[in-house]
Structure formats: C-alpha cells, structure tokens
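No experiment lies behind these values; they were computed from the predicted model shown.
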Amino acid sequence: MTTTPLDEPRERPDVQMDGSAREHGRTYQAAHDQIINEITHQGPRRPLPPVGAVRVPAGLSGLPRRPAAAFVGRAPAMSALRRTLRDTTATGLISQAVLGLGGVGKSELALQYACHHHDEYQLVWWIDADGPDRIRAGLAALARALTCGVDSIAAGQTTVEEAAAWALSWLATHPGWLVVLDNVEEVADVEPYLARLVHGHVLITTRRDIGWQHLNVTPLRLELLTREAAIDLLAGLVGPPDSADPGRLAELAEQLGDLPLALTQAGAYIARTPRMNLAAYLRLLSDIPARMYATTATAGGDAERVVAKVLTLSHLRIQAVNPLAIDVLNLLACFAPDNLPGSVLDGLPETDRIEVGDALALLESYSLITIARGPVELVPGQPEDLVSVHRLVQAVTLHQLTPAQRDRTHRIAADLILSALPDDPDTIGAWPAYQALLPHARAVLPGGSPGLNRLVTYLSASGDYANAVRLQQDIYTHAAATLSAEHPVILSIRHNLAYYTGQAGDAAAARDQFAALLPVEERVLGADHPDTLTTRHNLARWTGEAGDAVTARDQYPALLLIHERVKGAEHPDTLTARHNLAYWTGRAGDAAAAREQFAALLPVHERVQGAEHPDTLTTRNNLARWTGEAGDAAAARDQIAALLPIRERVQGAEHPDTLATRANLARWTGETGDAAAARDQYAALLPVEERVRGAEHPATLITRANLARWTGRAGDAAGARDQYAALLPVHERVQGAEHPDTLATRANLARWTGEAGDAAAARDQIAALLPIRERVQGVEHPATLTTRANLARWTGEAGADAAAARDQYAALLPIEERVRGPEHPHTLITRANLAHWTGEAGADAAAARDQYAALLPIHERVQGPEHPHTLTTRHNLAYWTGLAGDAAAARDQYAALLPIHERVQGADHPHTLATRHNLAYWAARTAETEPSDG
C-alpha cells in the first residue's frame, strides 16, 4: 500500500440526461450514471435446432425443393459446391462464392444446395445480403429463431445490433451449420463477418467477381445454361405437346440467350396463357418493337434486354387479364427487392385486400414475383406474406415507365410505406415492424418525408446510432436545400444531428456542433426558449463527455437558474438540470458535494414524480455511486442492494437499468474489500448481458472488463492480464483501434501485465499508448493524464529508475493542478505518488515523509478523515516515518490507524490487514532499539 496505481475503470452512464429530439421537438430524457470497467466474451451456448431445420428465403417459392423440371443443367455446379463445402482437409470456416450475372440462377443454385443437403447440417440459414443493414437483420432473425421465443431476443426487445452480435457469437461457438448470404453487393459488407466465423460453411451469391480470393473464399462462376439444359428447362415448364418440339424449344432458348430467369418467365407465360404455344410465343416475341427494350441495357446489358422482351409480353397479357396487377408490379419495382410485407399493399387506393391478393397471385403465376409466408408480423399474431421481385425485373419494369409514371408510382409507394409505419417508433413493440419496413422506406421515402424522422427515432431508440447519424445527415442535406440556415426546422435537425453524433461515440464533434448551434438559437429563438435551453444542456453534457468535466459542471448552475425562473423549481427539466449539476460535480472531482446534491434531490423526486418513477430510481442509483466515491463503499453497496429488487420489480429483471444496477452492486461489493465476491457477481452477470444485449454490445464488453479487473483484484493478476489480452482484439474489431474503450483496455492490459510481474513490459505498453492518446484524445484529456501517471508508475516499478518516476510525476503534477484542479482526487494521487518515488529515489525517506505530512490535511479536508485515500495517505506517512528512522512514531501512527481501518473498511479488508502487518513490523523494530529493563 505504498503507491496508489491508477487503473482505468470505465465510467458509463446507463442512461444519460440529455435532450433527445422527436420530429422537430425536443424533450429531456432522465439519466443515471454507472461506473464500470472493461471486458468481452463469447456468446452463450444454446441447444441446436432439430437436425435439418431450414429457414428458406422468403423470396423463393416451391420449398423445400423445386420440381426437378424447374432446375436443370446445374449438376456440375452442384458437384463443385459440394466438393468445396465438404472439403475434409480444410479446417475452420469454409466459404464458397457463386458468381454470375443477374438472372443466371445463382440464388436458385444456392437454394437447391441448401435443400438437397440440409440433413447434413444442424442449421441452415438464409440471409438476404445486399447491404450491411440486411445482413445484420438476417443475423438478428437467426438469434430470435435460436432463442425459441423464451427471452428478450425472441420477444424483439433487443436492438438489431445486439441480436446480430448474439447470433455471430452462437455461430462462432457451434459447428455444423450453413449460412447462405444471397446477393452480396460489396465484398466489404461480408468481410468482417467472415473474419469472425469458424466451424461452419458460408455460401455467397454475388454479381461481383473481384476481391474474394484474399478472403480465402473459393469462387465459382455460374455461366448461362447450355442449350441442351435450356431446352430441357423450357420443356418441363411448357409441357406437352410443345415439350416434344425440340426445334422451336431451341429457337426460343436462343432468343432468350439461355438465361434461366427469362426462360422461366417465358415458360410460365406459355403454360399460364390460354391457347398459347411455342410458335405463337415466338411470333409475339419477334413482333416486339426493338425500341421497347433496346434502351434497357444498363448494368445488366444483354440480360436486361432479354428480360425486357419477355417482360413486355407478360405485361401485355397481364394488362388484358387484370390491369391492377401491372400497377402492383410497378409499385413493387420501387421498393427494396426482397420481403415486402404484403399488408403494405392493402392501403392501395381504390382497391381492397381481395383485389390486391388476386393481382399478386396473377403476378406470381407468371413468375414475375415470389410470395412466401415469413416470420414478420407488422400486427402481432398476423404473419405476413412477403413479396419479392428479382432485381432485373425491377430494373426493366421501372425503365419501361415514363418519367411522369415513375414519379407517380414512387409517390404512391411512399404513401403506402408512410401509412404502414407504426406511430410509436421508440416503443419496443414497434421495432419488428420498423425493422421489416426499413429497407423499403429508405428506397421510396423522399428527403422531406416525416417518415424519415420516425425511422431516425426507431434507429436511436433501438441503439443503432451510427445509422441514425447517416439518416439524420440525409435529412439535413435535403432540408438545407430548401430552407434558410436559421429556419427553426433546420435548427432542430442540426440539434438532432449533434445529439446522435454524440450517442454514436464522437463526444468532441457533438460538443462542437452544439457550441456552433447555441448562439444561432439564442439569436433566432431567444435565450429562454425551450430548444435553446436543451441545446445549452447538451453542450454542457458533451463538453464533459469530451473530457472537460469542470467546464461541464460550471455550465449547469446558470442553466439551472434559468430553468427555475422559466419553468419552476420542480419542473422535470429543472430537476434534470439539478441532477446533471450533481453528476458533473462528482465527475469534476468533488464526490462529497455530488453525494450531498443527490441526497437533497432524491426526496424532491419522490414527492414530485413518485418513489418508483425511473428518474427517482436513477437518482437513488447516483446517490449510491457518489456515496461510494466519497469514501463509504459499504454504504454504496447497501444502497445499491436495496435498489436492485425495486428495479427488478418495476422495470424487469433484464431491463438495461436493472443490469446496470447489478453491475454497480458488484463494483461496490468489490470496493468494500471483497474482490472475490465482485468477481463472482460479474461472472454471473456476464452471460445475462450476452444473452440480453449481445456478446459484443458495449455494455457487455464493459462487464467483461470488470470481470477481468476484479479477477486481478482478487489476486489473480495473470488471469486479469489474459482476460484483457483476449478482450483487446474484440474492442479493436468492434469499436476500432482508437476508440476510447479500446484505449482503456490497452491501458488495463498494461496495468495487469505489470501486476503479474512484468513491470518493464507494462512500462513499454504504456509508453506506446501515450502518443496515441495524446493524438486522439488530446494532450490534457483526463485519460491522457492518467496514462502519463501510469507510465511514471511502471517506469519506477521496472527497477533502478525511481528517479525517472519521480521526475515524471513532478512534471505531471502542475498539469494536473491546472487541468483538474489542485484538490481533485487524481491530483492528490499524483502528489502521493510523487512523495513515494521521492522516497524511493536516493533513499530520501525524510522528504517523502514530509510530502505525505503536507498532503494528509488536504485529504482530510477535501475527502474526509475516513475516506480510503485519506487512510492510504496516513498509512504511507507512517511507512516513510519509519524508514526515516523513527520506528516508534511509525508504530504509534499504525496503532492509531488500525482501529479506524477495522471500523470503516472491516477487519478482513486488505488495507486493514496491511496496516496490522506494518504495526507488528514497526513494533518489533521499536523493541529492537529500546533498552531492555535488565
């Protein structure tokens, strides 16, 4: 107990008090704070679904296997797939990419492989993978299927990212599965997932033919059908007597370029249309004016021209039979290609559900669309028919419309989606509908649509802040083109963009955006306008999150006075300002003042909002936290223990706030001296976090970090080091190499590397980390100053360089005093460590003693006479008093300190045991120097 090392427990608010926007209006959210550290894990093992369980694509019909006549000529490709995916010499993940132009049958090949060989896998799962959002949604659906309806993932109460992370962890820890990623548009979209999967097979279909080899993915190019296979496919579709006419079958196959999609649609047309045969169809095909399809050669080239010819004939026939079906097909061409919930079309003007159903059935009969009953339920208990259209059919359909027709069709599609979006996007029950409608909404909603605001609200509520920022930026770009820079709508959009930017992890950018917005709002709206006050509030909050807690604290008193004057002393916004003033007072270093402020605020919350209101529970949580920070860990533990059952009853056992309270109970249990119990509580919490939030959710990684920290504090430094070492690459991959949480994990890895006995390695790791923190977070950011302190500490611990450690602390101290304040707890720790290494450097025990003696009254005044830091300083004063030659004084000081340790921290606390040991030591040294009675 001779030095005070600075590890980096991560402080994460489970809900921060900030202004959150709702379609040009802003409201406060209640907040609480939670102290945690850092860590990661793998997902819990789940019972596998029954052998052969197959989830097939909603966009393909005729399952589990198409009739043999509909799938011909692909035996060599099927054999090649099987050889690759059943390679017994390969280890780890086996991946195959099927390459080819649109309409060549890539998805059909993958489907046939999955259906033919599903009994060889424990799980087969199909994901429409034409963008990162679709991949995450497919993985989230897998997580819900695997949880079998028994927990929050199955109930849709977790975010898409959390559920997708859970599914990835499941796949990473279970062998014997096949995942099909259909229609991958960009190699980069799947690269991060392939890097994280082992022990299974991934089958990819894509039009992209570059970039697969470096991912260790075997490419298989799927060519057009041979003429013989094309004839066989047509013969099976048209049936007798035309199936016995090889000449005309070959002629039609040549006309259609042996493209499976065109062949299938032509065969469906002939089979479905009365009095139609090969000869008549060939005549119709030759009569189509070239101008109707010659201009359709875009990305698909010849394939689109062929499909355009076939689609023109189908259009003419369907128009004669049911004109509404053509209108429906035009609409379907506007949406995302896969899995449009059929009920969206129920809102089509001047139609009813039966008429729309007849139109869809007719389109399906001509192989223009596919319909499948999927797991999506926009209305609980009512599974949707999911409608999909091949991308080539969409492209050709839209291309054949005039610009005016396209605009009108897009407007109708946008209105249908807007009507289908639920009114409560921030309610968990609405999230499955939003998830299903999101790709279609993004495809059809114009830039000024109010539906985009609802989408942003959904993304924010479900935790997908990165996509919320991107969509909010789109909203701003569109609005800025039509509105003045100081229009209230523009100001609100800017506010929301700053808010989501901060929530996505860029606190400094959020701070700067709010700082730029505030003077504009003060001038345009007025200094007391609610939106202006919200912006002031968020400027303070993100100033603190960016590292300047003192400035954040100092901004709140003026804001509080305005709230009290404008809204009243007990208005929820006023209580929020009081709450955050207390919070940032603590973060600025005055834990005792924060505790007193929360203690004064709590009865107001209880009287105004009720004893079990979430804001009241938040205030109880923070009162406990700052009670502990002020030195009374046992009281903090007891307060959290009393709060936990209330949160379990009121908010639910797996609510994020409840899980945060469990984490805080573990933390303060450890701070009372029972590190093993803290470790065990975190170990019990971790699988719950993994299941509820996802294996790679930030909160789950924090719980892993805390498990590592308390593993080390419980005596297993090597175990802590190894857990941090395993956690670091997860942080780097999930959050980025320079994310603050990643840097904190690097710092803690260094700390426990040193604690495990390798001080030189710890020193070198910290030395490598310091310039990164200086560049990324700033030279005077609190985390950077902590890193400098730890570099000094491990420089000294590495041996024979105590003077360098002393000098580094001496250089750091004036910066700490200026940036944090001369009486900030971390500043006092730096003074303590300067005293220690002053003693170690040149055996100057008297100087160390004197520095501790000067520091002690400051600790007693600032933190209290019984704060753990004060007791540590008393302990070190006694230690250096003894080394300075006064064994009797050291003995007496330890004797006076021991009963305080026993009373405050407990008889078995490690600090109590250390004091008892030192008392015995210096008592023995005193006896050696005192004359005997004889």
Side-chain angles (χ1 to χ4, degrees), residues 16 18-29 131 133 137 159-161 334-336 341 344 347 378 410-504 506 509-510 513-514 517 520-521 524-525 529-535 537-538:
Q16 248 306 335
D18 55 354
S20 122
R22 297 294 183 271
E23 295 187 7
H24 312 311
R26 288 165 283 189
T27 60
Y28 287 109
Q29 291 181 344
D133 293 344
T159 68
V160 171
E161 286 69 22
C334 298
F335 295 112
V344 170
L378 299 192
H410 267 286
R411 285 196 300 272
I412 295 173
D415 290 342
L416 291 173
I417 284 292
L418 194 59
S419 297
L421 290 174
D423 293 329
D424 48 357
D426 50 0
T427 302
I428 290 177
W431 293 356
Y434 270 91
Q435 180 183 337
L437 295 171
L438 180 62
H440 307 288
R442 293 302 307 272
V444 301
L445 291 181
S449 171
L452 295 180
N453 292 303
R454 280 193 256 169
L455 292 177
V456 172
T457 300
Y458 153 68
L459 292 168
S460 173
S462 62
D464 189 355
Y465 292 113
N467 278 318
V469 170
R470 284 191 283 270
L471 185 52
Q472 187 69 17
Q473 183 63 57
D474 292 343
I475 292 172
Y476 173 74
T477 300
H478 179 271
T482 57
L483 299 174
S484 69
E486 295 185 350
H487 192 285
V489 170
I490 289 290
L491 301 182
S492 188
I493 292 173
R494 286 180 60 185
H495 173 281
N496 293 345
L497 180 59
Y499 170 77
Y500 297 129
T501 297
Q503 292 293 84
D506 195 345
Q513 291 177 36
F514 280 118
L517 177 62
V520 181
E521 290 195 324
V524 174
L525 303 176
H529 189 280
D531 287 359
T532 305
L533 298 182
T534 299
T535 297
H537 168 97
N538 279 319

- Which atom names give the shortest non-hydrogen contact between A443 and C334, and what distance separates them? CB-O, 3.7 Å
- Smallest separation among heavy atoms of A414 and V444, with atom names: CB-O, 3.5 Å
- To the nearest 0.5 Å, what is the distance between CD (E521) and CG (L533)? 9.5 Å
- Message: Please find the pair of heavy atoms, one from P450 and one from L418, that lie closest to each other, and give the distance.
- Response: CG-CD2, 4.3 Å
- Message: List the residues meeting side-chain contact (heavy atoms from CB on, under 4.5 Å) with A510, not counting sequence neighbours, and say none if there are none.
- Response: W542
- Enter the distance from L471:CG to L452:CG here, rounded to the nearest 0.5 Å. 5.5 Å
- Task: For residues T501 and A509, report the shortest heavy-atom separation together with the two atoms involved.
- Result: CG2-CB, 3.9 Å
- Please confirm whether the backbone N or O of V456 pairs with a side-chain atom of S460, one donor and one acceptor, at under 3.5 Å? no
- Stepwise, does the side-chain contact (heavy atoms from CB on, under 4.5 Å) test hold for H495 with D531? CA-CA 9 Å; H495 173 281; D531 287 359; over 6 Å; no
- CG of L438 to CD1 of I417, rounded to nearest 0.5 Å, is 10.0 Å
- Looking only at atom types and distance, does a side-chain atom of S419 sit under 3.5 Å from a main-chain N or O of D415, one as donor and one as acceptor? yes
- Task: Considering only NZ, NE, NH1 and NH2 on the basic side and carboxylate oxygens on the acidic side, decide whether R470 and D133 come within less than 4.0 Å.
- Result: no
- Query: So which heavy atom on D423 is nearest to which on P425, and how close?
  - Reply: O-CD, 3.2 Å
- Message: Between V524 and H529, is there a side-chain heavy-atom distance shorter than 4.5 Å?
- Response: no
- Separation between CG (D426) and CG (L459), nearest 0.5 Å, reads 12.5 Å
- Enter the distance from N467:CG to Y458:OH here, rounded to the nearest 0.5 Å. 9.5 Å
- Query: Is there side-chain contact between Y434 and R454, with at least one heavy-atom pair below 4.5 Å?
  - Reply: yes
- Query: Considering only heavy atoms from C-beta outward, does the side chain of P446 approach that of H478 to under 4.5 Å?
  - Reply: no
- Query: How about Q513 and Y499: do any of their side-chain heavy atoms sit closer than 4.5 Å?
  - Reply: no
- Task: Return the minimal non-hydrogen interatomic distance between S484 and I490, and the atom names on each side.
- Result: O-CG1, 3.4 Å
- Message: Side chains of L421 and L455, heavy atoms from C-beta outward: is any pair under 4.5 Å?
- Response: yes
- When rounded to the nearest 0.5 angstrom, what distance separates CD1 in I493 from CG in D474? 11.5 Å
